[in-house]
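First comes the structure, then the notes that go with it.
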Amino acid sequence: MRKPRIAVVLDENTSSGGTHYEAAKGYFSSVRNAGGLPFGVPYLHEVVDVVLAEFDGLVSVGGRFAYPDDWYVDNASSKAPPSERFEVEKAIVEGFLERNKPVLGICAGMQMLACLNGCRLTPDLRASNPNALEHDKRGYFHPIDIVQGSSLAEVIGRLRIEVNTFHREAIAQLSPAVNACAYAEDGIVEAIEISTNTFAIGIQWHQELLAEMDHPGNRLFTGLVEASS
């Protein structure tokens with residue numbers, strides 16, 4: 001039986017010149033552990049049509065790079081550097097959504113999924129919400145509450161879990177096309193889903209870093225692979 005092929009959009013070293021592709025091994029091992037075959041995707045426009053035609057599912061990974069200014073609220077702009085990743089990934093995510101192929105967006109990948117469906121971001125959640133929890137610290141965990149009845153709750157099988165957190169930007173404005181399906185205790189949106197698609201889930205935390213742990217969030221990769229089968 002053919003294993004589902006999962007495209008993994010690569011990250012890059014934006015903080016040191018953008019000269020190298022990067023991706024945590026956990027993205028690939030998580031897809032493999034879930035029964036899929038993962039493939040890294042570079043930022044080449046020539047690969048977009050091939051990815052859309054030949055891959056069954058997509059992981060849009062984390063990273064720090066600037067989105068367009070009109071993706072932010074209150075005339076704000078990103079403090080992150082620009083990246084050629086944006087146009088390639090945007091085309092791939094849009095193509096997967098149009099074809100109703102499964103998408104899992106992680107951190108920046110969630111924000112891409114959200115903004116393509118009308119949401120808007122804050123470039124610095126602590127500046128816009130001084131009472132917010134610490135969300136930008138490696139190795140730090142906090143609880144999230146998952147909305148009962150959501151696809152995320154069905155996939156993970158729990159309504160409250162502990163997640164890691166490493167993001168400066170966050171969703172500041174939801175659109176009617178996007179359902180928030182998990183929140184941190186300070187009200188920050190921690191997960192979304194696109195209700196018009198069979199499987200289009202975005203999470204703000206870095207599940208790939210928990211690949212070798214017995215963590216309930218790893219079921220997201222199982223759900224992605226099953227939806228891609």
Side-chain angles (χ1 to χ4, degrees), residues 1-12 21-63 85 88-114 116-117 146 150-158 161 163 178-179 181-182 191-229:
M1 183 177 179
R2 179 182 178 274
K3 291 184 177 182
R5 296 181 179 183
I6 309 299
V8 180
V9 178
L10 297 171
D11 191 17
E12 67 175 332
Y21 289 117
E22 296 179 348
K25 291 181 179 180
Y27 291 116
F28 300 90
S29 60
S30 294
V31 170
R32 178 205 60 199
N33 293 344
L37 289 176
F39 295 83
V41 177
Y43 313 152
L44 301 174
H45 290 276
E46 295 89 340
V47 308
V48 171
D49 288 341
V50 175
V51 171
L52 295 179
E54 298 186 8
F55 285 84
D56 307 300
L58 172 68
V59 178
S60 178
V61 306
R85 168 181 170 178
V88 173
E89 183 174 33
K90 177 176 178 288
I92 291 173
V93 174
E94 286 178 328
F96 267 74
L97 292 175
E98 289 169 1
R99 292 161 175 76
N100 197 23
K101 288 187 172 184
V103 178
L104 174 61
I106 295 178
C107 200
M110 169 183 133
Q111 294 162 6
M112 170 74 77
L113 191 60
L116 286 176
N117 285 277
I146 299 172
S150 64
S151 296
L152 181 66
E154 182 179 352
V155 170
I156 291 182
R158 297 188 188 182
I161 62 173
V163 301
V178 174
N179 296 327
C181 53
I192 61 165
E193 48 196 46
I194 312 302
S195 58
T196 55
N197 288 71
T198 304
F199 188 105
I201 294 175
I203 60 171
Q204 191 62 79
W205 68 93
H206 283 269
Q207 190 62 47
E208 80 283 357
L209 299 179
L210 310 177
E212 304 308 318
M213 296 174 58
D214 182 16
H215 190 278
N218 289 326
R219 296 171 192 157
L220 278 162
F221 290 97
T222 303
L224 172 69
V225 171
E226 288 178 350
S228 303
S229 301

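As the structure is a computational prediction, the values presented were derived from the model and not from experiment.
- V178 is listed as a side-chain neighbour of I194, based on a closest heavy-atom distance under 4.5 Å.
- Here the side chain of N100 pairs a donor or acceptor atom with the backbone of T198 at under 3.5 angstrom.
- Side-chain contact between R85 and D11 is present, with at least one heavy-atom pair separated by less than 4.5 Å.
- What you find for P42 and V47 is that their closest heavy atoms are O-CG2, 3.9 Å.
- For the atom pair CD1 of I192 and SG of C181, the computed distance is 7.5 Å after rounding to the nearest 0.5 Å.
- How far CG of L113 is from CG of N197: 8.0 Å, rounded to the nearest 0.5 Å.
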task: Could you walk me through whether Y27 and F221 pass ring-ring contact (aromatic ring centres under 6.0 Å, His included), step by step?
output: CA-CA 9 Å; Y27 291 116; F221 290 97; 7.4 Å; no
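- Heavy-atom minimum distance, N33 versus A211: ND2-O, 4.5 Å.
- More than 12 heavy atoms of other residues, nucleotides or ligands sit less than 6.0 Å from atom CD of E94.
- For N218 (side chain) and D214 (main-chain N/O), no donor-acceptor pair under 3.5 Å exists by modelled atom type.
- Considering every non-hydrogen atom in both V103 and L97, the closest pair reads CG2-CD2, 4.3 Å.
- Applying side chain to side chain contact (heavy atoms under 4.5 Å, CB included) to L224 and the options P4, S229, P102 leaves one that passes, P102.
- With Y43 contributing its side chain and L10 its backbone, the two residues share a donor-acceptor pair below 3.5 Å.
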Could you pull out every donor-acceptor pair under 3.5 Å between side chains of residues 48-59 and any protein atom, sequence neighbours left out?
unit_1	atom_1	unit_2	atom_2	d
D56	OD2	R2	NH1	2.8
D56	OD2	R2	NH2	3.4
D56	OD2	R5	N	2.8

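- Under the side-chain hydrogen bond (donor to acceptor under 3.5 Å, both in side chains) criterion, S228 pairs with no residue at all, not counting sequence neighbours.
- Looking at heavy atoms from C-beta onward, I203 lies out of side-chain contact with V163 at the 4.5 angstrom threshold.
- With contacts defined as side-chain heavy-atom distances shorter than 4.5 Å, the pair E193/S150 qualifies.
- Contact detail for L152 and A182: the closest heavy-atom pair is CD2-CB, 3.9 Å.
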- prompt: Are E208 and I106 close enough, and set up right, to give a side-chain contact (heavy atoms from CB on, under 4.5 Å), and what steps lead you there?
  reply: CA-CA 9 Å; E208 80 283 357; I106 295 178; 3.5 Å; yes
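- For V225 against A34, the heavy-atom pair with the smallest separation is CG1-O, 3.5 Å.
- Atom CD of residue E154 and atom CZ of residue R219 lie 12.5 Å apart, to the nearest 0.5 angstrom.
- Inter-residue side-chain proximity for W205 and I161 is flagged as met; some heavy-atom pair is nearer than 4.5 Å.
- Between the CD atom in E212 and the OG atom in S30 there is a gap of 7.5 Å [rounded to 0.5 Å].
- Within the 3.5 Å criterion, the main-chain N or O of F28 finds no donor-acceptor partner in the side chain of R32.
- Listed here is the closest heavy atom pair of M110 and Q204: SD-N, 3.3 Å.
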